[in-house]
Amino acid sequence: MINRYRTALAALVTLAVLGAAPTAPASALTPAPAPASAPVPASAATPVSATFAATDDVFVSQAEPAKNFATATWLSICGGTCSSSSATGQRIALTRFKVTGIPDDAENVKATLEVASTRTTDTTVTARAVTGGWTEAATWNTRPALGDAAGSHTGFTSGQTAKLDVSSAVTGDGTYSFALTQTDDTPTVLSSSRESGDRGPRLTVSYTEGSGDEANAGPLPFAMPGTAQLRTSARKVFAHYFPPYPVSLDDQDPASDYYARNYLKPDGESGKHSAYGGLLRDRPLGRAPLSGDWASADYKTEVRQAVAAGLDGFTVDILSVTSSQWTRVRKLVAAAEAVDPGFKIVLMPDMNGLASVDAATLATALADLAASKSVYRLGDGRLVVAPFKAEGRTAAWWSDWMKTMETEHGIKVALVPCLLDFNKYRDAFGPISYGFANWGNRNPAANSSLTTNIDTAHGMGRIWMQPVSVQDERPNQGIYDEAANTENLRATWKGAIDGKAEWVQLTTWNDYSENTQFAPSRNAGWTYLDISAYYLTCYKLGCPKITKDVAYLTHRVQPYAAQPSYPETKLMKPRAGGTPSRDTVEVLTMLTAAGKVSVTVGGTTQTYDAPAGVSARTFALKAGTVSASVARNGAAVTAVTSPYKVTATPYVQDLHYRAVSSGRS
């Protein structure tokens, strides 16, 4: 049984994969609606356009800072003094659009914001990207933060449409918010979406269809389906988000930020992690310092990363309802709604971290989060709640809690308990649950018969959320699982696919203290997400055609038994009963046709014939550099060299598998 609480507690103290998709269940998430005007196919050279009506719009007034104008049929914009009114102060209009159906290989993407004027004015209106969250309940006091200018237009005629080029802010599918501002004192008045005649703001996106070669230009070995297509599947893929490890903890340069100073160094945080050589072995990809609300910007980045990887949402680990971890959860939920409300957040109260929280307090906290459009509900409106270690409270306790949610907050709950011991507690939880999940294991030996649990859940008439994992190494707990390169990852995807699990939970997106992360990181880049993208597509839509030759390398940077030179007193040992430890380099190839693979490990080169499609081969780990190349008919087609050198004398014990892709080299 895996105990995550000690890892979570340490972080809290520190910072006070094959077949067709199944038929959708009646209560499955409704697919994203089609755009107001669906893209019209055309020849590759002919532009295609799609028009989207505003999903939200409102204006705010500095002169009436607490007033909301959500019922107004107009949008008013003006500079410091509005000459047509006795009131003074700025007015800003806000408008939001959800863009769907734009193919990933679209070229020459252009976006035009169209607004209808109700007055004739010689004014200049500028559209600025909105970086903060907002709703139509916004007032001047609660207005969102604004970003860079995206486009402008001068001169408005009553009854006519004006167009602002906002191409710089629109890249494809996603949710886009714009603020309309001006410096002129004469008000510009535009129709809102509430005016009759459908004259509210609209966003027209045009593009030319790709030639098909773009599938070979990106990092993946196949053409990744678009977000809208993936979301038509009844099967859902979430990633477990662990709030203690966001992109940045202090908005500093990654070479000297909190991760670098305190988590990755053995003597960090005044030496509290010295016994095990430092708290972490990996970290999120770094970035330069940001201005403004950098934390919210980082959460939006992570949402975009997850959307790009094909994920449907995050299951967010709720460790607290009062601390900084609670603030992070709220920011993540707001970021998902701002970036893409179709990207869903599944509420996962952690019943280790929340062991002392009473039912009423938990109900109030989750009801607060549930107000967001991004929080996941079934098609029948029930709120999905998937408590981690649900058996920390009795089934009767959860039944009463669900009644409290309904009677006190008007929210019906679909409970999907994530049980550490499914077989022990399934019968007790079955009558009150919509489905089941478990936390799972992180080594191939423990993941050899995953369909048994899935079949059991289905036999009880419940859905199943299957854990899919890469690896697990915990320096501070002195234990690790032998993931066997990508064997564990492939085995857990296979279990989800073969067992026809309704949902998948990638465990985890970003728990760096347990080294289970899929998120883009220093040690693996996007590699684990890229590999998973293939199996995710298999799981949702059927396996895609391999259109580009890609080789993935995975290996550790030390033999598992190597002794570190740093005087650690707590070394990781393999989990009892799991896959035996091994020292191997794995080459995972996804090839358009058979090819000859050459693998060099520590100066020794070996070759083998790899078939078309997906295959893996392992080689003995040796000190030095690791590389691989693929040739066909005597010509090289792809190659990759790992930047992570192997040593027999590591500084600290580091059993985290590195990963690199020829598609991103």
Side-chain angles (χ1 to χ4, degrees), residues 52-70 72-97 111-158 160-170 175-195 199-204 290-293 296-297 300 338-339:
F52 305 89
T55 58
D56 304 277
D57 57 6
V58 73
F59 76 92
V60 296
S61 172
Q62 187 179 22
E64 299 174 276
K67 184 175 180 178
N68 171 251
F69 295 89
T73 59
W74 68 91
L75 302 172
S76 184
I77 310 156
C78 66
T81 302
C82 299
S83 60
S84 64
S85 171
S86 60
T88 60
Q90 291 181 300
R91 294 177 190 167
I92 297 173
L94 303 169
T95 185
R96 177 160 43 222
F97 304 89
T112 303
L113 175 58
E114 302 173 2
V115 292
S117 180
T118 65
R119 295 182 184 179
T120 299
T121 56
D122 187 22
T123 52
T124 298
V125 170
T126 298
R128 307 179 69 88
V130 175
T131 59
W134 63 279
T135 69
E136 287 189 333
T139 66
W140 181 267
N141 289 340
T142 63
R143 70 192 187 281
L146 308 185
D148 297 333
S152 62
H153 179 83
T154 300
F156 295 82
T157 302
S158 178
Q160 299 297 312
T161 297
K163 299 182 178 181
L164 294 80
D165 185 349
V166 292
S167 301
S168 63
V170 178
T175 300
Y176 300 94
S177 288
F178 298 98
L180 300 178
T181 66
Q182 69 180 42
T183 58
D184 301 283
D185 289 341
T186 299
T188 302
V189 183
L190 310 172
S191 296
S192 79
S193 59
R194 287 166 290 280
E195 184 172 338
R199 291 180 51 76
R202 306 180 75 83
L203 185 69
T204 296
L290 302 174
S291 58
D293 187 356
S296 292
K300 291 176 183 177
V339 172

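Sequence positions, counted from 1, serve as the residue numbers for this chain. Everything numeric here is computed off the predicted structure, so don't read it as measured data.
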### Message
Distance to the ring centre below 6.0 angstrom and angle to the axis at most 45 degrees; does that hold for R119 and W74?
### Response
no
### Summary
Closest heavy-atom pair, G133 versus P144, reported as atoms and distance to 0.1 Å, is O-CB, 3.5 Å
### Message
Is it the case that the side chain of E136 and the backbone of D57 share a donor-acceptor pair, with hydrogens and angles ignored and the cut-off at 3.5 Å?
### Response
yes
### Task
Return the set of residues passing salt bridge (Lys or Arg N to Asp or Glu O under 4.0 Å) with K67 (not counting sequence neighbours), or none when no residue passes.
E64
### Task
Please list, chain by chain and in numerical order, all residues satisfying salt bridge (Lys or Arg N to Asp or Glu O under 4.0 Å) with R143, sequence neighbours excluded.
none
### Query
Closest heavy-atom contact between A297 and L290?
CB-CD1, 4.0 Å
### Query
T73: what forms a side-chain contact (heavy atoms from CB on, under 4.5 Å) with it, not counting sequence neighbours?
S192, R194, E195
### Query
Looking at side-chain heavy atoms only, is the closest gap between L190 and T118 below 4.5 Å?
no
#### Entry: Any residue meeting ring pair (Phe, Tyr, Trp, His ring centres under 6.0 Å) with F156, in chain and number order, not counting sequence neighbours
H153
### Task
May I ask you to decide if G79's main-chain N or O and T183's side chain share a donor-acceptor pair within less than 3.5 Å?
no
### Task
Any chance you could lay out the side chain to side chain contact (heavy atoms under 4.5 Å, CB included) test for L75 and V189, step after step, and finish with the verdict?
CA-CA 6 Å; L75 302 172; V189 183; over 6 Å; no
### Task
Assess the side chains of Q182 and T188: does a donor N or O sit below 3.5 Å from an acceptor N or O?
yes
### Side chain proximity check, E114 to L203, heavy atoms < 4.5 angstrom
no
### Query
Are W140 and I92 close enough that some pair of their side-chain heavy atoms sits under 4.5 Å apart?
yes
### Query
Nearest heavy-atom pair of A179 and L146: which atoms, and what distance?
CB-CD2, 3.5 Å
### Message
Tell me if a side-chain donor or acceptor on R91 pairs with a main-chain N or O of V60 at a distance below 3.5 Å.
### Response
no
### Message
If we check side chain to side chain contact (heavy atoms under 4.5 Å, CB included) with S177, which of these qualifies: T55, V130, T95?
### Response
V130
### Message
Tell me every residue that passes salt bridge (Lys or Arg N to Asp or Glu O under 4.0 Å) with D184, counting only those two or more places apart in sequence or in another chain.
### Response
none
### Query
Please walk me through it: do T175 and V339 pass side chain to side chain contact (heavy atoms under 4.5 Å, CB included)?
CA-CA 5 Å; T175 300; V339 172; 5.9 Å; no
### Query
When you measure from the side chain of T112 to the backbone N and O of K163, does any donor-acceptor pair fall under 3.5 Å?
no
### Query
Is the closest side-chain donor-acceptor distance between T142 and W134 under 3.5 Å?
no
### Task
Mark yes or no for whether D185, through its side chain, and C82, through its backbone, hold a donor-acceptor pair below 3.5 Å.
no
### Task
May I ask you to decide if T154's main-chain N or O and D122's side chain share a donor-acceptor pair within less than 3.5 Å?
no
## Note on the structure
Tightest non-hydrogen contact, residues L94 and A138, listed as CD1-CB, 4.4 Å
### Query
Can you tell if the side chain of L180 reaches within under 4.5 Å of the side chain of V115, non-hydrogen atoms only?
yes
### Query
From R202 CZ over to T161 OG1, what is the distance, rounded to the nearest 0.5 angstrom?
9.5 Å
### Message
Check the orientation of F69 and F59. Use parallel for under 30°, tilted for 30 to 60°, and perpendicular for over 60°.
### Response
parallel
### Query
Any side-chain heavy atom of F97 sitting closer than 4.5 Å to one from P201?
yes
#### Entry: L113 side, atom CG; S152 side, atom OG - distance, nearest 0.5 Å
11.5 Å
### Query
Taking only residues two or more places apart in sequence, or in another chain, which ones meet D165 in a salt bridge (Lys or Arg N to Asp or Glu O under 4.0 Å)?
none
### Message
As an exercise, state the distance from CD of Q90 to OG of S61, rounded to the nearest 0.5 Å.
### Response
10.0 Å
### Summary
Here the gap from T124 atom OG1 to I77 atom CD1, rounded to the nearest 0.5 Å, amounts to 11.5 Å
### Task
Indicate yes or no for a side-chain donor-acceptor contact from Q62 to the backbone of G89 under 3.5 Å, with no hydrogens or angles considered.
no
